[in-house]
Amino acid sequence: MIPENEVSAASINNYITYAPKMIDFLEQQTCLTCTPVQGYADYYPDIEGWKAGGRTMDPSPVDGRKMDYEMLSRLVESPRASKAFSRFSMSILEGVQILAKTPGWQKIFMGIIAGYFKDIPGRLKGPRDRRLTQGNALVAGLYFAAMDKGVELVLESPVTDLIYENNRVTGVVVKGHTQITANKAVIIAAGGFEHNKAMRETYLPQPATFGHSSGVTSNTGDLILAAEKIGAKFGLMNEAWWAPTAITPFGPTVLFSEKSKPGLIIVDKKGQRFMNESITYNSYGDCFYAADQKGHDVFPAYCILDAHYRKKYMFGGVVQGEAMPDFMSKQMIGEGKMLIKADSLQELAQKMGIDYNGLKDTMDKVKKYAASGVDEEFHRGSDAHDTLYGDPEVKPNPCWGPMDQGPYYATQLLLGDLGTKGGLVINLDGQVLRQNDEPIQGLYAAGNSSASIMGSKYPGAGCTLGPAMTIAFKAGHHALGVAV
């Protein structure tokens, strides 16, 4: 599935071999345990070896009450859309059960909310949930382990350059021209360049989107550029971890499961569909740029919801209407807000600047597809990935509803990303390579600072953090001269 001209078989096998060892090491050295998520499917069901779940790992929740509240406040919060009611932390395991409404999901949901309000000292300090899950749990677990081992954590000290002496990297320069010497090596794990406008315009496809990334805003590619100055090789610079994105009052939010539910379509300026809305989010990059080349006006595109969708399903952090009606979601719904509302399809088209006749024709097809269960244009809902995130109670296709009743809702749908994929080319131990493929002594890279071993694909959830942690695990051992 991952093209051979993008990533070598040795790199893939390296990951397969050492990822389990990394997980064992993580569980031995931290308070974390990692559990396979059985209900989280791989993203390409038409590929041999596809699994309906069990590869993605969910870190166990961590008790944030043990962390100093000032340090806790420095921990970047999980996206609002990944929380219950945009506030209450939930693990991936819990989220899958709640979204799929598996037996017992109400008890899980109420337990999450009850735990939040039982933390009275935390409520007196602020709204943040001190039960840490998902990425926050992973970072907190690593933080506690580092503190137990006496690691000095230096904050607000951005690296501005690498120190390169006698043909090796010997340290870094941080803000204020302070030099920090590295006795063994420097390992770059500073993210990609998603918030560097110039780099996006130079390397990513056109039109180069900017301001739509959900990556951490400090990811500006500084250390990728610093390594380039000493001869480092780049790879996959034209790729990102693409994702359909809406802009909320709190910043960009990625639409993960929302796009598969019945009662939602995505259209261009003419009101025409141009893709299978339910495909894996990374494939949105290919779809948007391919549609643009075919003449579709998709920058931006438009996400259309009907009254049924609004009532039953969450969307971009907006809680479903049956739990929170529109008047309780005024921050997100209304004129100038994320979701524009209209009583009729014609009114919605006028408000959004979409061709009404084109949108009406599309809605006629939607009604037909909902009745037959067959998307004659893009085959939405025809494979296990699509239907997994649909509504199993809707027949004959869990991804399709007739969308024939208002009110209607719409938002501009942007091509965003979770981060960039391109960066420094590394070997199997994480060493950064020169243009001649020789390693730069004393310099390693992992994560989105390096060219992804997933190439242009995204096989499943965790394909960012999994390789990042595995390569960092190998790099640390290699730098210390310790066998893995």
Side-chain angles (χ1 to χ4, degrees), residues 14-38 40 54-79 82-83 89-96 112 115 119 122 128-155 182 184-191 216 419 429-430 444-450 453 460-484:
N14 184 54
Y15 175 50
I16 293 171
T17 299
Y18 288 97
K21 297 181 180 182
M22 178 274 292
I23 292 292
D24 289 343
F25 180 84
L26 181 73
E27 294 185 334
Q28 292 165 6
Q29 299 294 326
T30 74
C31 62
L32 298 168
T33 57
C34 296
T35 305
V37 184
Q38 296 304 328
Y40 214 124
R55 292 195 219 269
T56 295
M57 307 293 283
D58 187 27
S60 53
V62 171
D63 187 355
R65 294 176 299 178
K66 298 178 181 179
M67 186 180 294
D68 177 85
Y69 199 81
E70 181 181 353
M71 182 59 69
L72 180 65
S73 67
R74 292 175 177 268
L75 181 61
V76 177
E77 286 206 55
S78 299
S82 71
K83 301 177 182 181
S89 297
M90 57 183 178
S91 68
I92 296 295
L93 288 163
E94 293 164 342
V96 167
I112 289 170
D119 181 15
R128 180 155 191 171
D129 194 340
R130 295 199 293 178
R131 178 180 182 260
L132 304 177
T133 60
Q134 301 184 42
N136 273 196
L138 178 60
V139 173
L142 293 170
Y143 169 78
F144 286 134
M147 294 303 99
D148 288 344
K149 292 173 173 54
V151 174
E152 181 183 2
L153 184 65
V154 182
L155 301 176
K184 298 292 184 180
V186 170
I187 301 177
I188 296 175
V216 178
D429 292 309
Y444 298 76
N448 287 353
S449 294
S450 62
I453 66 164
C463 283
T464 47
L465 281 176
M469 295 172 67
T470 301
I471 295 301
F473 167 72
K474 286 204 73 179
H477 281 79
H478 190 268
L480 292 172
V482 177
V484 179

Please check: side-chain N/O of T56 versus main-chain N/O of G462, any donor-acceptor pairing under 3.5 Å? no
Please name all residues satisfying ring-ring contact (aromatic ring centres under 6.0 Å, His included) with H478, sequence neighbours left out, ordered by chain then number. Y444
Say whether, by atom type as modelled, one donor and one acceptor occur between the side chain of T133 and the main chain of S89 under 3.5 angstrom. no
Please check: side-chain N/O of D58 versus main-chain N/O of I92, any donor-acceptor pairing under 3.5 Å? yes
Euclidean distance, T470 OG1 relative to K21 NZ, rounded to 0.5 Å: 11.5 Å
Stepwise side-chain contact (heavy atoms from CB on, under 4.5 Å) check, M67 with V62: CA-CA 10 Å; M67 186 180 294; V62 171; over 6 Å; no
When rounded to the nearest 0.5 angstrom, what is the spacing between CE in M57 and OH in Y40? 15.0 Å
Minimum heavy-atom distance between M469 and L26, given as atom pair plus value: CE-CD2, 3.9 Å
Which atom pair, heavy atoms only, marks the closest approach of I16 to P20? O-CD, 3.3 Å
Roughly how far apart are N136 CG and R128 CZ, rounded to 0.5 Å? 5.0 Å
From D63 CG over to R131 CZ, what is the distance, rounded to the nearest 0.5 angstrom? 10.0 Å
Heavy-atom donor-acceptor pair, T17 side chain to N14 backbone, under 3.5 Å: no
Would you confirm whether the ring centroid of H477 sits within less than 6.0 angstrom of the ring centroid of Y18? no
Enter the distance from L75:CG to E70:CD here, rounded to the nearest 0.5 Å. 13.5 Å
Just so I know, are the side chains of E27 and I23 near enough to count as touching, which here means a heavy-atom distance under 4.5 Å? yes
Which atoms form the tightest heavy-atom contact between M90 and E94, and what is the distance? CA-OE1, 3.3 Å
Measure the shortest side-chain to side-chain distance between M147 and L153 over non-hydrogen atoms and say whether it is less than 4.5 angstrom. yes
Contact between Q38 and V96 at the side-chain level, heavy atoms closer than 4.5 Å - yes or no? no
Evaluate the side-chain proximity of S450 to I471: yes if any heavy-atom separation is below 4.5 Å, no if none is. no
At their closest point, which heavy atom of C31 faces which heavy atom of S60, and how far apart are they? O-OG, 4.2 Å
Residues in salt bridge (Lys or Arg N to Asp or Glu O under 4.0 Å) with E77, at least two apart? K83
How far apart are the closest heavy atoms of L72 and G64, and which atoms are they? CD2-O, 4.4 Å
Write down the atom of A185, the atom of A479, and the distance for their closest heavy-atom approach. CB-CB, 3.9 Å
Could you tell me the separation between the OG atom of S91 and the CG atom of L132, rounded to the nearest 0.5 Å? 12.5 Å
Would you indicate whether the side-chain heavy atoms of P59 and Q134 approach each other to under 4.5 Å? no
